[in-house]
Amino acid sequence: MALMTNGIEYHGEALDRAAQQHLVEVIRALVAEAPLYVPVMPGTGQPMSVRMTNCGPLGWVTDKAHGYRYQETHPVTGKAWPAMPAELLALWERFSGYHKPPQACLVNFYADDARMGLHQDRDEEDLQAPVVSISLGNACLFRVGGLTRRDRTASMRLSSGDVVVLGGEGRLAFHGVDRIYPGTSTLLKNGGRINLTLRRVHR
DNA sequence: GAGTGGCG
DNA sequence: CGCA
């Protein structure tokens with residue numbers, strides 16, 4: 001039974017070690033085809049501390065000139081994103097409860113000193129579809145708030161293999177990653193954390 | 001159309 | 001650094 005916090009679902013230890021290891025291999029192959037890049041904030045061009053890539057028909061990107069958006073191609077290579085792996089489609093089936101498939105999987109790599117400021121996922125046209133988030137590697141301190149930036153927030157630790165679903169009331173909840181806990185997982189040999197977020201973009 | 005800290 |  002999923003735990004609810006601020007409208008979001010938390011599935012602790014949803015993926016066993018073997019499944020996590022397999023996902024890491026899948027991600028490695030994906031990164032070989034679609035290299036990680038450093039996203040920058042619109043307007044200011046300030047780099048984010050995470051590195052990212054995508055798979056699926058669409059990928060979430062941002063740059064100084066055009067801001068947040070989904071597009072069909074990698075911003076550096078210009079190539080189409082790698083296909084969505086079957087393993088990720090299966091996780092969407094298991095956790096989303098949604099009848100249409102995901103169109104993007106954003107892959108975020110957090111070094112041990114990376115963070116993600118409080119934000120909403122609202123660049124998708126289909127806000128009925130949830131966002132399914134999978135944690136791999138070192139644990140993090142995840143913070144979730146409400147529908148406005150000023151709403152009170154709650155913090156929770158996310159560990160490798162945990163799955164969070166932002167859907168329903170929690171679909172537009174502000175959320176972010178305050179810190180990574182170094183040395184809390186042996187899944188990634190070089191430390192850090194991987195977060196996968198599966199999204200449906202278009203209705 | 002800007003935006004994923006900053007303050008004490 | 002802790003807080004929110």
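Nucleic acid contact for A/Asn108: none, since no nucleic acid atom lies under 4.0 Å from a heavy atom of the residue.
Scored by the side chain to side chain contact (heavy atoms under 4.5 Å, CB included) test, A/Tyr70 finds A/Leu58, A/Trp60, A/Ala104, A/Asp123, A/Glu124, A/Arg199, A/Val201 as partners (sequence neighbours excluded). In this structure A/Trp92 satisfies the ring pair (Phe, Tyr, Trp, His ring centres under 6.0 Å) test with no other residue, sequence neighbours excluded. Annotation: side chain to side chain contact (heavy atoms under 4.5 Å, CB included) contacts of A/Ser135 (sequence neighbours excluded): A/Leu158, A/Arg193, A/Asn195. The ring pair (Phe, Tyr, Trp, His ring centres under 6.0 Å) check on A/Tyr98 picks up nothing, with sequence neighbours excluded. With sequence neighbours excluded, no residue satisfies ring pair (Phe, Tyr, Trp, His ring centres under 6.0 Å) with A/His202. Applying the side chain to side chain donor-acceptor pair (under 3.5 Å) test to A/Arg51 and every residue at least two apart in sequence or in another chain returns nothing.
Put simply, NE2 on A/His175 is 18 Å from P on B/dG3, counting in whole angstrom units. Spacing between atom CE of A/Met156 and atom P of C/dC3 amounts to 18 Å, rounded to whole angstrom units. For the pair A/Leu118 CG and C/dC3 P, the interatomic distance rounds to 17 Å; values are reported in whole Å. Regarding A/Glu124, its CD atom lies at a distance of 19 Å from the P atom of B/dG3, rounded to whole Å. With rounding to whole Å, A/His119 atom NE2 is found 18 Å from B/dG1 atom C1'. The CZ-C1' distance, from A/Arg179 to B/dG5, rounds to 17 Å in whole Å. Residue A/Asp178 contributes atom CG, which lies 11 Å from atom P of C/dC3 at whole-angstrom precision. In this structure, A/Tyr181 atom OH and C/dC1 atom P are separated by 13 Å, rounded to whole Å.
Ring to ring, A/Phe95 and A/His11 are close: their centroids are under 6.0 angstrom apart.
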Identify all pairs in which a protein N or O lies below 3.5 Å from an N or O of nucleotides 6-8 of chain B, and state each distance.
none

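With a 6.0 Å radius and a threshold of 12 heavy atoms from other residues, nucleotides or ligands, A/His119 has its NE2 atom above the threshold.
No salt bridge links A/Asp113 with A/Arg179; every basic N to acidic carboxylate O contact stays at or beyond 4.0 Å.
Pairs passing the side-chain hydrogen bond (donor to acceptor under 3.5 Å, both in side chains) check and including a residue from residues 22-45 of chain A, sequence neighbours excluded, read A/His22-A/Glu87. Sorted pairs that involve residues 8-17 of chain A and meet salt bridge (charged side-chain N to carboxylate O under 4.0 Å, His left out), not counting sequence neighbours, are lacking altogether.
Of the candidates A/Val164, A/Asn54, A/Val131, A/Thr197 forms a side-chain contact (heavy atoms from CB on, under 4.5 Å) with just one, namely A/Val131.
For DNA chain B, the residues of residues 140-155 of chain A within the heavy-atom distance limit of 4.0 Å (strictly under) are A/Arg143, A/Arg149, sorted by number. Listed by residue number, A/Trp60, A/Gly67 are the residues of residues 46-67 of chain A with a heavy-atom contact under 4.0 Å to DNA chain B.
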Nucleotide pairing, DNA chain C (Watson-Crick or G-U, distances under 3.5 Å), in dot-bracket with [ ] and |: |||.
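Only the P atoms considered, B/dG5 is 23 Å distant from B/dG1, to the nearest whole Å.
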